[in-house]
Each structure stands twice: as structure tokens, then as C-alpha cells.
Amino acid sequence: LAVMAAATTPVARVEAHDRAVTLARWRQVLETGLVRRGVPFVPSATSFVLARLGYGGASALSDQGIAVRRCGTFPGLDSSWSRIAVRPPPTTTYLLTALDQIRSTTDRPHRQDPR
């Protein structure tokens with residue numbers, strides 16, 4: 001009950017609104033970067049974006065020290081999709097730069113399902 005009461009104070013409402021605005025700005029940076037790279041994604045209103053990095057895309061990013069969640073266990077998606085967390089622009093720029101490097105050195109993230 002204490003958490004519910006604290007979360008509904010005027011200060012908490014302002015903080016939640018400010019956080020939502022910040023996340024929307026950060027998400028726009030990520031989505032714009034994906035569009036510029038031709039990476040399909042599902043537009044989102046959450047703190048993550050589902051992007052089709054291709055088979056091996058999540059592993060290739062992991063090899064560069066970047067963690068994204070594979071979506072092969074998500075109903076309706078396969079392992080060509082990844083869940084990318086919305087982060088501050090410098091972190092997103094780091095991810096997008098790594099994605100550029102991966103895409104320039106291999107076609108793995110672009111491959112279609114080998115089945």
C-alpha cells in the first residue's frame with residue numbers, strides 16, 4: 001500500500017510523465033537509426049523495440065559486447081527478431097555503430113530463414 005500511495009503523489013506523477021517523455025525521445029533516436037539502416041521493426045510505445053536484425057544478428061551484437069534479447073521464444077516471432085532496450089542516445093549510437101560494422105563485414109544479420 002505504501003508503494004501505491006507513493007506512486008500516486010503529485011511528485012511521482014510529474015516524475016512518471018518526465019520519464020515517459022524522455023523514453024519517447026530516446027526511442028525515436030533508436031527507431032530513426034533503424035529506419036536509416038533499413039532494419040524492419042515494430043513501432044513501440046514501451047521501453048524496448050522489436051527489430052528484425054536477421055538470423056545471427058543478436059549473436060553478432062553479443063560478440064561486440066552488446067546484449068539484446070533474442071525473440072525466438074516470443075509467440076509469432078522467430079530468432080531473426082531481437083528485443084532492443086531503449087537507452088540514452090550515446091548508448092544507442094554505440095549499438096547502431098556496432099550494427100553498421102556487423103552489416104558491413106557479414107551478411108549474417110540479413111539472411112533469411114535457412115529452412
Side-chain angles (χ1 to χ4, degrees):
L1 291 173
V3 171
M4 281 186 7
T8 59
T9 66
V11 171
R13 284 194 297 269
V14 169
E15 186 176 320
H17 175 266
D18 290 349
R19 182 68 173 165
V21 169
T22 298
L23 280 173
R25 238 184 16 253
W26 292 355
R27 187 175 45 254
Q28 185 61 47
V29 171
L30 175 58
E31 291 179 348
T32 297
L34 294 173
V35 166
R36 289 182 178 155
R37 288 157 179 81
V39 175
F41 67 92
V42 179
S44 173
T46 65
S47 61
F48 64 89
V49 172
L50 298 176
R52 191 167 195 180
L53 302 179
Y55 295 94
S59 294
L61 286 174
S62 178
D63 292 345
Q64 299 227 2
I66 298 170
V68 296
R69 182 169 179 192
R70 294 176 185 95
C71 294
T73 60
F74 288 31
L77 298 179
D78 59 28
S79 59
S80 69
W81 288 87
S82 295
R83 177 183 161 183
I84 303 172
V86 173
R87 296 290 184 244
T91 304
T92 298
T93 298
Y94 183 79
L95 174 132
L96 294 170
T97 300
L99 188 57
D100 291 341
Q101 291 170 350
I102 291 164
R103 295 176 68 162
S104 70
T105 60
T106 179
D107 68 336
R108 261 179 84 190
H110 303 295
R111 284 193 319 199
Q112 294 302 310
D113 187 352
R115 288 179 267 152

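Predicted, not measured: the structure shown is a model, and the values here were computed from it. Here, residue 1 is the first one in the sequence, and each next residue gets the next number.
- In this structure, E31 and S44 have side chains that are in contact, with non-hydrogen atoms separated by less than 4.5 Å.
- Both W26 and Y94 belong to a single network of hydrophobic side chains, linked directly or stepwise wherever heavy atoms of I, L, V, M, F, W or Y lie under 4.5 Å apart.
- We find the CG-SG distance between D78 and C71 to be 9.5 Å, quoted to the nearest 0.5 Å.
- Side-chain N or O atoms of S62 include none that pairs as donor or acceptor with a backbone N or O of A58 at under 3.5 Å.
- L95 contributes atom CG, which lies 5.0 Å from atom CD1 of I66 (distance to the nearest 0.5 angstrom).
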Item to check | Worked check of side-chain contact (heavy atoms from CB on, under 4.5 Å) between D63 and I102 | outcome: CA-CA 10 Å; D63 292 345; I102 291 164; over 6 Å; no
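- Both I84 and V35 belong to a single network of hydrophobic side chains, linked directly or stepwise wherever heavy atoms of I, L, V, M, F, W or Y lie under 4.5 Å apart.
- Within 6.0 Å of CD in E15 there are 12 or fewer heavy atoms belonging to other residues, nucleotides or ligands.
- Taking 4.5 Å as the limit, some side-chain heavy atom of R52 sits within range of a side-chain heavy atom of S80.
- For the residue pair S47 / R27, no side-chain donor-acceptor distance below 3.5 Å is found, with atom types taken as modelled.
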Next on the checklist: Please determine whether side-chain contact (heavy atoms from CB on, under 4.5 Å) holds for the pair R37 and L96, giving the CA-CA distance in whole Å, both sets of side-chain angles, and the decisive distance to 0.1 Å.
Outcome noted: CA-CA 9 Å; R37 288 157 179 81; L96 294 170; 3.7 Å; yes
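- Clustering ILVMFWY residues whenever any of their side-chain heavy atoms sit less than 4.5 angstrom apart, transitively, puts V39 in a cluster other than the one holding L50.
- Using modelled atom types, one side-chain atom of S104 and one backbone atom of Q101 make a donor-acceptor pair closer than 3.5 Å.
- Here the CZ atom belonging to F41 is positioned 14.5 Å from the OG atom belonging to S82, to the nearest 0.5 angstrom.
- At least one donor-acceptor pair closer than 3.5 Å links the side chain of T46 to the backbone N or O of F48.
- By the side chain to side chain donor-acceptor pair (under 3.5 Å) test, R87 pairs with no residue at all, sequence neighbours left out.
- Put simply, the side chain of R103 never gets that close to the backbone of L99: no donor and acceptor are under 3.5 Å apart.
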Checklist entry - Would W81 and L53 satisfy side-chain contact (heavy atoms from CB on, under 4.5 Å), going step by step from the backbone distance to the final call? => result CA-CA 6 Å; W81 288 87; L53 302 179; over 6 Å; no
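- Expressed to the nearest 0.5 Å, how far CG of D18 lies from OG1 of T22 amounts to 6.5 Å.
- Residues passing the side chain to side chain donor-acceptor pair (under 3.5 Å) test with T32, sequence neighbours excluded: Q28.
- When side chains are defined from C-beta on, R19 counts as touching L23, because their heavy atoms get closer than 4.5 Å.
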